[in-house]
Amino acid sequence: MVNEHKKFMKIALNLSKRGVGVTASNPSVGCVLVKDNQIISTGITAIGGRPHAEVVALTKAGNKAQGATAYVTLEPCSHYGKTPPCADALIEAGVDRVVIATKDTCAKVAGGGVKKLEDAGVQVVMGVCEEEARQVNEGFFSVHEKERPYVTLKLATSSNGKIADKEGNSKWITGEDTRKLAHYIRAKNDAIMVGVGTVIADDPMLNCRLNGMEEQSPIRVVLDNNFRIPVNSKLVKTANEIPTYVICSADADSSKLESSGIEILKCNGEVNVPEVLQMLAKQGITRLMVEGGSKVAASFVKENLVDELVWMKAKKMLDDDGISAIGGMEISDVVKSGFEKSSENNIGDDIIFSYKPLKPTS
C-alpha cells in the first residue's frame, strides 16, 4: 500500500506543480481520485485559487467517487470561506479514504480537515510525499508560518559577478535561452520586485514574454522610498494591464500617480524589507522574485530573507570596476559563506546555479 500511495500521490503532485504562480493567495493543490486501482478523475486548483482541486475532481467523477480513495497534496480545508469546505465535499461524495501529503498550517484549517474526515468515518492517511508537497507550496507555507512570501533572489551576472559596467550598462549579459528561463521563473512567482533605480536606468516591463505564458506575468513591485518613479515609465503606462505596486516611505509625496492605476503602499517610516514582505503577504502574495538591483539584493541578503538564490553566470567578463550584483559584497563570497548549492546546469555559455541558505531564514 505504501508504494501504491506514493505512486498516486506523485501524480497529484505533478498536477499541483502546474498551478504554481497562478493560484495565490491559495495554494496550488492536486487531487487524484482512484477506485479499483484505476484513476477515475483528477483536479487542480483553478487559476485564481477557486474552485479547489478536490471539488474539480469530485465534479468530474460524479457518482463514481462513491467508495473511492482521494489523493490530495494538502489537507482539505475545513472552514467556510468564499467556498464551502472541501472536507465536507469529500464526505458528501462518499469517498472511503483520503491520503494527504501534508498538513495545512493555515490557522483556519490546521488539522480541522483531518478531524472532519475522521469524525465522518473516512480513513485518513497522512504524510505521503510530505517533503515534496511542502516544496511545491513553499510560498503558501511561508506566508502562514513566517508571515511573508517565499523569496527567490535572481541574479544575472558576468563571470566576475558584475551586473553592469561602471556606467550602468547591463543589457544582455546572459544568453537568450537563459533569459527565457528567467521569464519562466517570473511566471512561477506571484510578484517580481526591483528598486526604483532599476526602473530609472532600464525602464523595464517586468512581464513574462514566453509564448503562451504572457497572462502569467507577476504583479510588479517597485521599492521607491522617495517616490521617484517616472510618470512616463513602462510600468506606470501599463499599470492598468498588469497590477503594479509602488512601495514608498510614510511621508513620500505620491500624488503624481494617485490616478494612474498604480497601487501605492506606504511603510510606517522608511522603506524596509521586513515590513515590505509583511505588506505583500497581506496583499495575498506568496512567492516573490527579487530581480534587482544591487542595493535591493544586498538588503535581502543582509536581513537573511533569501529562501532561494538563482545565479545566472555568463561567460563574458565585465570590468572589475563594474556594479556588483550584491551591493558592497562579492557574490562568490556571499554564496560561500551563507548558501549551499542545490543544483548546477549549463545553458549555452551560461551556468545556472541554485542555492539554499545554510541557516533558517528570518
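Starting from 1, each residue takes its place in the sequence as its number.
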(message) Under the criterion side-chain contact (heavy atoms from CB on, under 4.5 Å), I'd like the reasoning laid out for T102 against L74: C-alpha separation, chi angles, the key distance, then a yes or no.
(response) CA-CA 5 Å; T102 188; L74 182 68; 3.8 Å; yes
Single-linkage hydrophobic cluster, 4.5 Å side-chain cutoff, [X] and [Y] together:
| X | Y | answer |
| --- | --- | --- |
| F140 | V72 | yes |
| L90 | V122 | yes |
| I200 | V194 | yes |

(request) Kindly indicate, with the supporting measurements, whether the criterion side-chain contact (heavy atoms from CB on, under 4.5 Å) is fulfilled by E215 and C208. (result) CA-CA 8 Å; E215 292 185 1; C208 176; over 6 Å; no
Do any N or O atoms from the side chain of [X] and from the backbone of [Y] form a donor-acceptor pair under 3.5 angstrom?
| X | Y | answer |
| --- | --- | --- |
| K356 | L309 | no |
| T238 | E241 | no |
| N137 | S28 | yes |
| T244 | I242 | yes |
| N304 | P360 | yes |
| R186 | A191 | no |
| T178 | T174 | no |
| E75 | G113 | yes |
| T105 | H144 | no |
| E275 | N268 | yes |

Taking the side chain as C-beta and beyond, is there a heavy-atom pair between [X] and [Y] under 4.5 Å?
| X | Y | value |
| --- | --- | --- |
| L117 | P76 | yes |
| V236 | L257 | yes |
| L265 | Q283 | yes |

(message) Tell me if the NZ atom of K7 is crowded by more than 12 foreign heavy atoms within 6.0 Å.
(response) yes
(request) For the residue pair Y355 and F339, categorise the inter-ring angle as parallel (less than 30°), tilted (30 to 60°) or perpendicular (more than 60°). (result) perpendicular
How close do [X] and [Y] get, counting heavy atoms only, and between which atoms?
| X | Y | answer |
| --- | --- | --- |
| V20 | K188 | O-CD, 3.2 Å |
| K60 | T42 | NZ-O, 2.9 Å |
| A182 | M289 | O-CE, 3.8 Å |
| T198 | P204 | O-CD, 3.8 Å |
| L235 | M205 | CD2-O, 3.4 Å |
| N240 | S260 | ND2-O, 3.8 Å |

(message) If the condition is ring-ring contact (aromatic ring centres under 6.0 Å, His included), which residues does Y150 pass it with, not counting sequence neighbours?
(response) none
(request) Could you list the residues that satisfy ring-ring contact (aromatic ring centres under 6.0 Å, His included) with F8, not counting sequence neighbours? (result) Y71
Could you state the interatomic distance from [atom1] ([X]) to [atom2] ([Y]), rounded to the nearest 0.5 Å?
| X | Y | atom1 | atom2 | answer |
| --- | --- | --- | --- | --- |
| D88 | C86 | CG | SG | 9.0 Å |
| S233 | R228 | OG | CZ | 12.5 Å |
| K316 | I173 | NZ | CD1 | 6.5 Å |

(request) Can you sort out the partners of D253 under side chain to side chain donor-acceptor pair (under 3.5 Å), two or more places apart, ordered by chain and number? (result) S255
(message) So, using side chain to side chain donor-acceptor pair (under 3.5 Å) as the criterion, who are the partners of T286 when residues are at least two apart?
(response) D190
Show me, pair by pair, the donor-acceptor contacts under 3.5 angstrom made by side chains of residues 319-331, not counting sequence neighbours?
unit_1, atom_1, unit_2, atom_2, d
D320, OD1, N160, ND2, 3.0
S324, OG, K162, NZ, 3.1

(request) List the steps and the verdict of side chain to side chain donor-acceptor pair (under 3.5 Å) for D96 and Q123. (result) CA-CA 6 Å; D96 282 350; Q123 180 187 357; over 6 Å; no
(message) With side chain to side chain donor-acceptor pair (under 3.5 Å) as the criterion, how do T361 and D307 come out once you've worked through the C-alpha distance, each side chain's angles and the decisive distance to 0.1 Å?
(response) CA-CA 7 Å; T361 51; D307 298 299; 2.8 Å; yes
(request) Kindly indicate, with the supporting measurements, whether the criterion side chain to side chain donor-acceptor pair (under 3.5 Å) is fulfilled by E270 and S249. (result) CA-CA 5 Å; E270 297 288 300; S249 64; 4.6 Å; no
(message) So, applying side-chain contact (heavy atoms from CB on, under 4.5 Å) with V128, which one of V2, V99, L13 is it?
(response) V99
(request) Provide the full list of salt bridge (charged side-chain N to carboxylate O under 4.0 Å, His left out) pairs with a residue in residues 14-36, sequence neighbours left out, each pair given once. (result) K17-E132
(request) For side-chain contact (heavy atoms from CB on, under 4.5 Å), just list the numbers for V310 and I352, CA-CA rounded to whole Å, side-chain angles, deciding distance to a tenth of an Å, and then say yes or no. (result) CA-CA 7 Å; V310 178; I352 315 301; 4.1 Å; yes
(message) Checking S217 against N207 for the side chain to side chain donor-acceptor pair (under 3.5 Å) test, could you report, in this order, the C-alpha distance in whole Å, the side-chain angles of both residues, the deciding distance, and whether it holds?
(response) CA-CA 5 Å; S217 291; N207 58 343; 4.8 Å; no
